[in-house]
Amino acid sequence: MENMAQRAQISKISAFEGQEVTIKGWLYNKRSSGKLRFLLVRDGSAIIQCVVFRNDVSEQVFADADALTQESSLEVTGTVTADKRSPLGFELQVKDLKIVQLAHDYPITKKEHGTDFLMDHRHLWLRSKRQHAILRIRHQIIHAAREFFDDRDFTLVDSPIFTPNAAEGTTTLFETDYFGSSAYLTQSGQLYAEAGAMAFGKVYCFGPTFRAEKSKTRRHLTEFWMIEPEVAYFDLQDDMQLAEEFVSHLVQSVLKHRMPELLTLERDISKLEQIKAPFPKIHYNEAVDILKKHGSEFIPGDDFGAADETIISEQFDRPVIVHHYPAAIKAFYMKRDPQEPESALAMDMLAPEGYGEIIGGSQREDDYETLLNRIHEHNLPEEAFKWYLDLRKYGSVPHSGFGLGIERTVAWITGIRHVRETIPYPRLMQRLYP
RNA sequence: UCCGGCGUGGCUCAAUCGGCAGAGCGGGUGACUGUUAAUCACUAGGUUGUAGGUUCGAGUCCUACCGCCGGAGCCA
C-alpha cells in the first residue's frame with residue numbers, strides 16, 4: 001500500500017465526499033456477489049461499507065478481500081461516495097487494501113449467543129453495535145454528571161478505596177490483607193465526602209464501590225460505580241431538589257447527544273422525554289398507603305422490597321422520591337426529623353419502569369453527642385470513627401448528600417434489563433473473568 | 001442462603017411414547033455485478049455436564065454431584 005491518501009475517521013466521513021481516504025480498522029462483516037465484495041469496516045467510531053469491484057483493483061487486492069475474515073484488521077483506501085442505500089449515507093469505493101492481521105475463528109458470530117458465552121468473551125463482545133451503544137450512553141451519563149456538578153462549582157474530592165472501617169456494618173464488605181492487617185474495599189465514599197464538604201462547601205466523589213452481598217438479581221453487581229455529592233448547609237429539601245435536577249440533567253443530556261444509540265437499543269424515547277424536574281416527592285407513609293391500595297402484603301415500618309418499589313414507581317411518569325423513612329431501618333449517620341423523631345431525614349429515588357432505587361441520600365446527623373450514641377447503638381467501633389466525629393466537633397453544620405448508582409441509571413436510561421451490560425467488565429458473584 | 005429452571009457439534013437450538021443424534025450460523029470448497037444477519041450447492045465437525053442406576057435399548061426415566069440462568073432477601 002504505497003499511496004498516501006489522507007486518514008479518515010468513519011464517523012466524520014461526510015467531510016470527505018469525493019475524496020480518496022484511508023480507513024484503518026477491523027472487518028465487521030463481509031458479503032459478496034459475483035465480482036463484488038462488500039466489506040463492512042469498523043474503526044471504533046462507526047461502520048462503513050467498502051465496495052471492492054474486481055475490475056477496479058489488482059488481483060492481489062481482490063484475493064485479499066476474499067480472504068478477509070470477521071474481525072481481521074485492515075487498512076483500506078478508496079473514494080468516499082454518497083449512497084442512499086447505505087445506513088451511514090456513504091460508502092467507500094475501494095482502490096487498495098492492506099491486511100494488517102488475519103483473524104482466525106472469531107468466536108462471536110452473526111447469529112445469537114447466550115449471555116454466559118458472551119460474558120466469557122466480554123473483551124471481544126465490546127466490539128458489537130449494541131455494546132457500543134450502551135457504553136457510549138454510559139460515557140455520556142458520566143460526562144453529564146461531572147458537567148452538572150462542575151457547572152455548579154462543586155469540587156471533586158475523591159474518597160479512598162481501601163478503608164479501615166465499615167460505613168454501615170462489616171457483613172457485606174470485601175476484606176483484604178493490608179500488610180498484615182485488615183483493610184476493606186469501600187462500600188461508599190460518603191463519610192469522606194462529608195469531610196470534603198466541611199473543607200470545600202460543595203463536593204462530590206466518583207469511584208467504584210464494592211458490596212460482598214450474595215445477590216443474584218438483574219440490579220446487582222459486586223463492583224459498581226457511584227457518584228456522591230455532599231453539601232454543607234444543605235437540608236433534606238435542598239438535597240431532594242439537587243437530586244431531581246441532577247437526574248433530569250442526565251436524561252436530557254443523553255437525549256440531546258446520544259439519540260442514535262438510544263434508537264439502536266430501541267429505547268422508548270417518549271418515556272425519557274418526560275423526565276424533567278420537579279419529580280414527585282412522597283412521604284414514606286404515603287408510599288405505604290399506595291402499597292395498601294394495591295394489595296401489597298407490605299408491613300409498615302419495613303423497607304420496600306423490589307415488588308413494592310415497582311408498585312410505587314408505576315404510579316408516576318417520572319422518578320419518584322420517597323422521604324422520611326423510619327429511622328430504625330436506616331443508617332446510623334442519618335439525622336432524625338425533630339418534628340417526627342421516629343423518621344430519618346432520608347430519601348430514596350426510585351426509577352420508573354421497575355428499575356428500582358437509583359439514589360439514596362439523607363441529611364446527616366450533625367450533633368456530636370447524638371452521633372456518638374448512634375455509633376454505640378449500632379455497635380460500631382468508636383475508635384475507627386474518631387475522625388468522622390471530629391467533623392461534629394470542629395464547626396459542625398447541617399449538611400446533606402446522596403449517592404447515585406451509575407449502572408442502574410444506565411440500565412434505566414438505555415432500557416436494558418440487566419445491569420451487567422452497563423459496565424465494561426461486570427463483577428458478579430459468579431463472574432470474575434475476563 | 002432459600003425457591004424455580006436449564007446443561008446436546010465452536011455457537012444457538014431441535015430430536016414425538018424410551019427406539020438410526022439433526023438443523024441453522026460459524027469453518028472449508030465452489031457459483032453469482034448491489035449485498036444489507038446476502039443467497040444457493042457441496043463438505044468436515046458429537047464420549048448428549050460428571051458419576052452411578054433402571055431397561056433388550058437412555059439425549060429422553062431415577063439418584064447424587066458440578067456448572068450456569070432467573071427470582072427472593074440486602075442494597076445503588
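No experiment lies behind these values; they were computed from the predicted model shown. Numbers restart at 1 for each chain; the letters A, B, ... are given by sequence-line order, proteins then strands.
Between A/Arg37 and B/C32 there is no side-chain polar atom (N or O) within less than 4.0 angstrom of OP1 or OP2. OP1 or OP2 of B/C32 has not a single side-chain nitrogen or oxygen of A/Arg54 nearer than 4.0 Å. OP1 or OP2 of B/G70 lies within a sub-4.0 Å distance of a side-chain N or O belonging to A/His418. Within the 4.0 Å cut-off from OP1 or OP2 of B/A72, at least one side-chain nitrogen or oxygen of A/Arg219 is found. Taking 4.0 angstrom as the limit, A/Arg218 places a side-chain polar atom (N or O) nearer than this to OP1 or OP2 of B/G71.
A salt bridge links A/Glu71 with A/Arg42: the distance from a Lys NZ or Arg NE/NH1/NH2 to an Asp or Glu carboxylate oxygen falls below 4.0 Å. Residues A/Arg364 and A/Glu230 are paired through a salt bridge, judged by an N-O separation under 4.0 Å between the basic side chain and the carboxylate.
Remark: B/C11 base-pairs with B/G24. Criterion, Watson-Crick or G-U wobble with two distances under 3.5 Å. The partner of B/C74 cannot be assigned: no Watson-Crick or G-U wobble pair with both contacts below 3.5 Å exists in any strand. Pair assignment for B/C6 gives B/G67, based on Watson-Crick or G-U wobble hydrogen-bonding distances that are each under 3.5 Å. Summarising the base pairing, B/U55 is matched to no nucleotide, lacking a Watson-Crick or G-U wobble pair whose two defining distances lie under 3.5 Å. Taking a pair to require two hydrogen-bonding distances under 3.5 Å in either a Watson-Crick or a G-U wobble arrangement, B/U39 pairs with B/A31.
No engagement by A/Arg431 is indicated, since no non-hydrogen atom pair under 4.0 Å with the nucleic acid exists. A/Phe224 comes within 4.0 angstrom of a nucleotide base, judged by non-hydrogen atoms across all strands. If you check every strand for non-hydrogen atoms under 4.0 Å, A/Gln49 touches a base. When heavy atoms are screened at a 4.0 angstrom cut-off, A/Ile359 is found touching the sugar-phosphate backbone but no base atom.
You'll find the ring centres of A/Phe246 and A/Phe149 inside the 6.0 Å limit. Aromatic rings from A/Tyr433 and A/Tyr425 are positioned such that their centres are separated by 6.0 Å or more.
Of the N and O atoms on the side chains of A/Glu228 and A/Gln190, not one donor lies less than 3.5 Å from an acceptor on the other residue.
Between B/G59 and B/C3, the distance separating the two C1' atoms is 27 Å to the nearest Å. Comparing B/U54 with B/G67, their P atoms are spaced 28 Å from each other, to the whole Å. For the P atoms, the distance linking B/G71 with B/C62 amounts to 27 Å, nearest Å. B/A15 and B/C20 have their C1' atoms separated by 12 Å, with the value rounded to a whole Å.
One can find a donor-acceptor pair under 3.5 Å joining the base of B/G34 and the side-chain atoms of A/Glu91. Interface remark: the A/His220 side chain does form a donor-acceptor pair with the B/C75 base, using a distance-only criterion of under 3.5 Å. At a cut-off of 3.5 angstrom, counting only N and O atoms as typed in the model, there is a donor on one side and an acceptor on the other between the side-chain of A/Ser215 and the base of B/C74.
For the pair A/Leu221 CG and B/C74 C1', the interatomic distance rounds to 14 Å; values are reported in whole Å. For the pair A/Arg211 CZ and B/G73 C1', the interatomic distance rounds to 15 Å; values are reported in whole Å.
For the pair A/Glu175 (side chain) and A/Ser182 (backbone), a donor-acceptor distance under 3.5 Å is absent.
Annotation: of the two residues near RNA chain B, A/Gly403 and A/Phe117, the 5′-most nearest-nucleotide partner is A/Phe117.
In this pair, A/Tyr106 does not lay its aromatic ring on the base of B/G26; centres under 5.5 Å and planes under 30 degrees do not both hold.
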